[in-house]
Amino acid sequence: MNQSLNLMAPEVRANPYPFYEELRRGPVCQVEPGGMWAISRYDDVVAVLKDPRRFSSEGLGRSFRPPWLERNPTADSLVMKDPPEHTRLRTLVGKAFGGPALSRLEPRIRAIAEELAEAAVRRQDVDFVADFALPLPTRVLNLFFGLEPSMASRLKRWADDLVSIPASQPSPERIAEVRQSLAEMEHCFEALIEARRAEPSDDLVSELLRSEALTHEELLSFLFGMVPAGMETTVYLLANTMVVLADHPHELERVRAEPALIPRLVEEVLRYEPPGQSSLRLATEDVELSGVTIPRGALVVVLMGAAMRDERRFPQADRFLLEREGQSHLSFGHGPHFCLGAMLARLEARLGLEALFSRIRGFSLSRSELSWSRSIIARGPLSLSLHLEPTHQQSADATRQPGPHP
Ligand code: HEM
């Protein structure tokens with residue numbers, strides 16, 4: 001293994017794209033950490049993602065149930081299953097993510113987006129992550145679950161604690177914190193299931209109970225799995241959009257003048273600066289890919305972020321082009337595990353950006369403080385200092401009504 005190929009090197013986390021270019025020349029090779037096999041070309045990435053028989057998700061749950069944790073329903077969630085079990089579960093839960101469910105949520109998501117945008121623009125100097133990109137998906141996921149509004153503040157801690165589990169050797173204090181979060185989650189979801197069983201509503205859990213086809217444990221694992229799946233990536237989609245627009249101010253002018261372009265903007269951000277950079281798989285047998293044999297049992301890192309900069313598939317791949325069309329990106333994955341929340345994430349991003357762009361003329365970003373997530377799976381800034389410039393209308397409104405930060 002070439003020791004210099006390290007996905008976790010600080011310069012790679014700050015900008016992975018030159019590193020990905022080097023990998024695509026490989027094209028299949030082992031990288032640090034841990035000697036994972038990296039897949040980086042578009043065709044290879046698609047081949048792996050659509051082949052769950054040879055590239056399995058099933059064993060991945062083990063890292064979420066380390067010896068220091070007796071119980072963690074996340075380890076059995078949908079994304080860690082293979083067909084036919086995966087197919088059965090996915091068919092049962094899929095309906096809850098469909099158009100009718102989202103249409104019901106849309107006005108409420110819009111109201112949350114407008115409220116957050118209004119507050120951020122009134123404030124002008126914001127941490128875009130803490131003040132907008134994080135609260136929007138957190139409150140939407142809370143709504144989607146049908147939890148009390150006060151529970152939204154806990155979802156972020158739960159998600160952070162869940163994704164931290166696979167990292168080895170936590171301190172005794174950290175173990176206690178993670179156990180505490182898991183116990184809280186279980187208590188909260190048990191209470192929610194009980195309440196919806198007694199009095200069904202029009203939300204996710206009621207919908208899943210109505211079908212009567214999931215066992216109690218399957219339902220619990222599904223809800224646990226949704227917490228990390230539904231938040232971090234959506235936070236980073238919103239934040240990455242602002243990072244990209246800071247370098248492409250002309251595109252901001254275009255989408256402000258023509259808000260119907262916002263969905264296109266979102267799709268190109270998903271390709272160019274994807275919040276979900278990779279997925280993991282385990283090789284179930286020796287598999288040859290691009291002339292290289294990946295051994296049975298190997299951990300494979302499937303780099304969608306690298307595949308979406310592959311010139312063989314995306315001409316001028318390193319350029320951000322709003323007019324790109326018909327070159328399906330892989331940000332939501334591909335094949336049997338294609339993201340169930342893709343429609344919801346797109347809806348949140350569109351409504352969030354519509355609410356924001358209708359209130360600002362432009363913004364400036366303080367790049368010196370930009371620090372990126374330290375994960376090979378999810379990529380986005382941990383915080384984002386923005387100065388928002390309100391539209392003239394918004395400035396006039398602000399002088400009439402005092403805000404929380406005068
Ligand atoms: C921009 C936001 C999002 C991105 C980039 C994203 C990305 C992904 C990707 C790449 C996968 C496939 C993982 C794999 O193949 O191993 C996935 C699966 C999944 N996502 Fe998302 N996701 C986003 C938002 C959401 C939201 C908002 C929800 C729900 C509230 C959600 C729920 C799920 C679920 C349940 C799965 C598992 C599907 C399965 O295994 O069949 N995601 N997501």
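First listed ligand is number 1; within each ligand, the first listed atom is number 1. Predicted model only: the values in this text are computed from it and were never measured. In what follows, residues are counted from 1 in the order of the sequence shown.
- At a cut-off of 3.5 Å, with distance as the only test, a side-chain donor of D44 or S290 sits close to an acceptor on the other residue.
- Between D161 and R174 a salt bridge is recorded (basic side-chain N to carboxylate O distance below 4.0 Å).
- The closest side-chain donor-acceptor pair between S206 and D203 falls under 3.5 angstrom.
- Scanning all protein heavy atoms for the shortest distance to atom 26 (C) of ligand 1 gives G230 CA, 3.5 Å.
- Nearest heavy atom pair, residue F224 against residue E186, reads CZ-N, 3.7 Å.
- R350 and E106 are joined by a salt bridge, as a carboxylate oxygen and a charged side-chain nitrogen come within less than 4.0 angstrom of each other.
- Protein heavy atom at the shortest distance from atom 40 (O) of ligand 1 is H337 ND1, 2.6 Å.
- Close contacts of ligand 1 with A345, meaning ligand atoms under 4.0 Å from a residue heavy atom, involve 1 (C), 2 (C), 24 (C).
- Atoms of ligand 1 lying under 4.0 Å from any heavy atom of L141, numbered from 1 in the order shown and given with element: 30 (C).
- Looking at atom 25 (C) of ligand 1, its nearest protein heavy atom turns out to be A229 O, 3.4 Å.
- Those atoms of ligand 1 with a heavy atom of M304 less than 4.0 angstrom away are 10 (C).
- Under a 4.0 Å N-O distance rule, the pair D43/R312 does not qualify as a salt bridge.
- With a 4.0 Å cut-off on non-hydrogen atoms, T234 touches ligand 1 through its backbone as well as its side chain.
- If you number the atoms of ligand 1 from 1 as listed, the ones under 4.0 Å from a heavy atom of L78 come out as 38 (C), 39 (C), 40 (O), 41 (O).
- Atoms of ligand 1 lying under 4.0 Å from at least one heavy atom of L344, given by number and element, are 30 (C).
- For atom 20 (N) of ligand 1, the closest heavy atom belonging to the protein is C339 SG, 3.2 Å.
- When the options R90, R281, E232 are ranked by their closest heavy atom to atom 15 (O) of ligand 1, first place goes to R281.
- Here E118 pairs with R359 in a salt bridge; the nearest charged N to carboxylate O distance falls below 4.0 Å.
- Looking only at protein heavy atoms, the nearest one to atom 13 (C) of ligand 1 is S279 OG, 3.6 Å.
- Counted by atom type alone, R157 and S181 present one or more donor-acceptor pairs between their side chains at under 3.5 Å.
- Taken to the nearest 0.5 Å, the OG1 atom of T241 stands 6.5 Å off from the CG atom of L245.
- In summary, the side chains of E311 and Y42 do not present any donor paired with an acceptor at a separation below 3.5 Å, with no hydrogens or angles considered.
- In terms of protein heavy atoms, atom 36 (C) of ligand 1 is closest to L340 N, 4.0 Å.
- Each of R324, R254, R319 was compared with E268 under the salt bridge (charged side-chain N to carboxylate O under 4.0 Å, His left out) criterion, and only R324 meets it.
- Heavy atoms of K81 found under 4.0 angstrom from ligand 1: none, in either backbone or side chain.
- The closest non-hydrogen atom to atom 7 (C) of ligand 1, taken over G276, P52, G94, S331, comes from S331.
- Every atom of ligand 1 with a heavy atom of P336 under 4.0 Å away is listed here by number and element: 41 (O).
- Contacts between M231 and ligand 1 below 4.0 angstrom, taking non-hydrogen atoms only, are absent altogether.
- Under 4.0 angstrom from ligand 1, the non-hydrogen atoms of L237 all belong to its side chain.
- Residue-to-ligand polar distances place H86 within reach of ligand 1: an N/O pair is separated by less than 3.5 Å.
- If you check which protein heavy atom lies closest to atom 23 (C) of ligand 1, you get T233 OG1, 3.3 Å.
- Looking only at atom types and distance, the side chain of E267 has no donor-acceptor partner in the side chain of Y272 under 3.5 Å away.
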